[in-house]
Amino acid sequence: MDKLPRWADVVLVPLISLLMAAAISALVILAIGGDPVEAVKVMVTGALGSAYGWGYTLYYATSFIFTGLAVSVAYHAGQFNIGGEGQAQIGGLGVALVCLALPWPHWTIALPAAMIGAGLFGAAWAAIPAYLAAKRGSHIVITTIMFNYIAAALIVYLLVEVLRPAGQMDPATARFPAGAKLPTFGEIPGLSLFFSKNVPANVTFFVALAACWGVWLLLWRTRLGYQIRAYGKSEPAALYAGISPTRMIMVSMLISGGLAGMMAINNVMGEAERLLQNSAEGAGFIGIAVALMGRNHPIGVFLAALLFGFLYQGGAEMGLWTTIPIELRLLLQGLVILFTGALDNMVRMMLGVFFSAKAKEAA
């Protein structure tokens with residue numbers, strides 16, 4: 001397969017994959033008697049056409065940035081972390097325990113503490129599969145998938161038997177103190193001119209942006225990041241250079257789990273203001289598609305997270321205002337994952353033939 005220009009690999013391959021997914025989705029809408037043009041209009045208007053829509057799009061995108069970065073860091077070390085969903089749920093437990101531990105006087109004090117709690121709990125949950133992979137040779141995909149289910153069961157048990165306040169019926173923790181409430185975009189000076197107070201997008205979005213910068217700095221501007229990428233590219237070469245495989249697996253997975261866990265500050269602390277069942281809401285799995293489409297680069301992850309935030313909010317609006325079922329959103333997400341992941345090489349091969357022909361003509 002001919003090597004593509006860098007710009008084509010970064011821009012054209014994801015764009016063509018997205019267009020192919022959209023084209024098949026349009027055919028499915030036509031097959032069920034819907035109108036693809038109407039569906040697109042409703043999705044665009046619902047996700048981008050108002051401050052309300054933008055507020056939800058950015059709220060979803062914030063969660064996807066964290067889980068996409070989590071998958072990316074592990075991927076650069078040659079590890080495929082499928083456990084972001086469970087790590088995010090356990091991160092939510094860390095957020096809840098921190099927020100409920102003290103009567104926080106102000107969110108600026110509570111937020112850093114919650115970030116530490118979320119990161120530590122998420123990293124701890126990733127540490128077990130990482131150890132099994134590094135020391136016992138267990139397949140990281142299998143163990144991280146299994147730990148998603150263990151995390152879900154553990155959260156249900158803790159919410160029902162341990163953390164639920166006396167006399168409360170629903171399985172959830174008590175509400176966090178008022179001092180732990182994160183300001184939404186509608187409450188931030190300057191942004192309040194564009195967003196209403198009822199949108200869930202909050203200051204966690206800026207933490208996610210900082211995480212993008214931090215991951216870029218780590219992977220491409222530090223010695224540790226170079227070692228992680230070197231090990232992910234070639235384990236024999238890394239061994240020859242004196243890089244420890246055990247250390248790379250453990251460190252990359254701990255960072256990955258910590259990033260996934262930090263997703264919880266967005267929805268547990270920023271939106272629900274208490275820990276609920278299924279607090280991750282599937283964001284751990286969406287992070288896989290975000291990382292694949294973003295080429296495992298922080299900038300690409302950010303852009304892909306915005307796209308999936310648009311699909312989430314736009315799909316909800318489509319299901320609300322049209323006769324097209326909301327499940328079609330899942331179909332479109334699945335097709336994007338299919339084309340950006342499993343069929344990625346097919347798109348590359350088509351572009352390779354095109355650029356090869358152009359090169360011959362120029363010669």
| task | Give, for atom CG of L58 and atom OG1 of T204, the distance between the pair rounded to the nearest 0.5 Å. | result | 12.0 Å
| message | Evaluate Y56 against Y52 for ring pair (Phe, Tyr, Trp, His ring centres under 6.0 Å), listing each step before the verdict. | response | CA-CA 7 Å; Y56 271 91; Y52 176 84; 5.0 Å; yes
| field | Aromatic plane relationship, F185 with F195 - under 30° parallel, 30 to 60° tilted, over 60° perpendicular | value | perpendicular
| Considering residues, nucleotides and ligands other than I299, do more than 12 of their heavy atoms fall under 6.0 Å from its CD1? | no
| Donor-acceptor contact below 3.5 Å, side chain N81 vs main chain V71 | no
| query | L97, V156: one ILVMFWY side-chain cluster at the under-4.5 Å cut-off? | reply | no
| query | If you take all heavy atoms of A70 and S256, which pair is closest and at what distance? | reply | O-OG, 2.5 Å
| query | Where do P112 and W107 come nearest, in terms of heavy atoms and distance? | reply | CD-O, 4.3 Å
| message | Any side-chain to backbone donor/acceptor pair from E85 onto G282? Under 3.5 Å, distance only. | response | yes
| message | If I take atom SG from residue C99 and atom CG from residue L111, how far apart are they, to the nearest 0.5 angstrom? | response | 9.0 Å
| Is it the case that N266 and T62 place a side-chain donor and acceptor less than 3.5 Å from each other? | no
| With sequence neighbours left out, which residue pairs that include part of residues 261-274 fulfil the salt bridge (Lys or Arg N to Asp or Glu O under 4.0 Å) condition? | D170-R274
| message | Applying a strict under-4.5 Å side-chain criterion to I, L, V, M, F, W and Y, I'd like to know whether L209 and V207 cluster together. | response | yes
| Are side-chain heavy atoms of V95 and F121 found at a separation under 4.5 Å? | no
| task | Could you tell me whether a side-chain N or O of T173 sits under 3.5 Å from a main-chain N or O of L275, the two making a donor and an acceptor? | result | yes
| query | For the residue pair F147 and W125, does the interplanar ring angle fall in the parallel (under 30°), tilted (30 to 60°) or perpendicular (over 60°) class? | reply | perpendicular
| message | Once side-chain hydrogen bond (donor to acceptor under 3.5 Å, both in side chains) is applied, do any residues pair with N267, and if so which ones, sequence neighbours excluded? | response | none
| remark: Tightest non-hydrogen contact, residues P171 and Q277, listed as CG-NE2, 2.7 Å
| message | Go through it in stages, so that I can follow the logic: the residues are L292 and Y75, the test is side chain to side chain contact (heavy atoms under 4.5 Å, CB included), and I'd like the CA-CA distance, side-chain angles, deciding distance and then a yes or no. | response | CA-CA 10 Å; L292 289 173; Y75 178 86; 5.5 Å; no
| message | Count I, L, V, M, F, W, Y as connected when their side-chain heavy atoms are under 4.5 Å apart, and connections chain through other members. Are L102 and I116 then in the same cluster? | response | no
| note | The reported gap from CZ in R164 to CE in M169 (rounded to nearest 0.5 angstrom) is 7.0 Å
| task | Verify side chain to side chain contact (heavy atoms under 4.5 Å, CB included) between S72 and V215, making sure each step is shown before the conclusion. | result | CA-CA 9 Å; S72 296; V215 168; 5.7 Å; no
| message | Donor-acceptor check, side chain of N296 to backbone of H76, threshold 3.5 angstrom: yes or no? | response | no
| query | Y149: what forms a ring pair (Phe, Tyr, Trp, His ring centres under 6.0 Å) with it, not counting sequence neighbours? | reply | none
| query | Applying the 4.5 Å side-chain criterion to the ILVMFWY set and letting contacts propagate, would W213 and L259 be lumped into a single cluster? | reply | yes
| remark: Contacts of R229 meeting salt bridge (Lys or Arg N to Asp or Glu O under 4.0 Å) (sequence neighbours excluded), chain-then-number -> none
| field | Heavy-atom pair of closest approach, residues A280 and Q89 | value | CB-CG, 3.8 Å
| task | Drop me the distance from L311's CG to M318's CE, to the nearest 0.5 angstrom. | result | 9.5 Å
| Quick check: are there more than 12 heavy atoms from other residues, nucleotides or ligands sitting under 6.0 Å from CH2 of W220? | yes
| task | Evaluate the side-chain proximity of W321 to E38: yes if any heavy-atom separation is below 4.5 Å, no if none is. | result | no
| message | Taking V160 as the starting point, is it possible to reach L154 by hopping between hydrophobic residues whose side chains are less than 4.5 Å apart? | response | no
Please output the side-chain donor-acceptor pairs of residues 245-255 that fall under 3.5 Å, not counting sequence neighbours, one pair per line with the distance.
| from | atom 1 | to | atom 2 | distance (Å) |
| --- | --- | --- | --- | --- |
| R247 | NH1 | Q227 | OE1 | 3.1 |
| S252 | OG | M248 | O | 2.7 |
| S252 | OG | I249 | O | 3.2 |

| said: If I take atom OG from residue S63 and atom CD1 from residue I265, how far apart are they, to the nearest 0.5 angstrom? | reply: 9.5 Å
| query | Is there a side chain to side chain contact (heavy atoms under 4.5 Å, CB included) between I24 and M20 once you walk through the steps? | reply | CA-CA 6 Å; I24 295 178; M20 294 174 72; 5.6 Å; no
| said: Run K181 and F176 through side chain to side chain contact (heavy atoms under 4.5 Å, CB included) and show every step you take. | reply: CA-CA 7 Å; K181 184 184 186 306; F176 300 158; over 6 Å; no
| query | So which heavy atom on G287 is nearest to which on T67, and how close? | reply | CA-OG1, 3.4 Å
| Got a second to check how far Y231's OH is from Q79's CD, nearest 0.5 Å? | 5.5 Å
| Hey, does the side chain of E187 reach the backbone of T184 with a donor-acceptor pair shorter than 3.5 angstrom? | yes
| query | Using the ring of each side chain (for Trp, its six-membered ring), is F64 parallel, tilted or perpendicular to Y60, with breaks at 30° and 60°? | reply | parallel
| field | Closest heavy-atom pair and its distance - A47, T57 | value | O-OG1, 2.9 Å
Sequence neighbours left out, cut at 3.5 Å: what donor-acceptor pairs do the side chains of residues 127-136 make with other protein atoms?
none

| query | Just by distance, do the side chain of W54 and the backbone of L48 share a donor-acceptor pair under 3.5 Å? | reply | yes
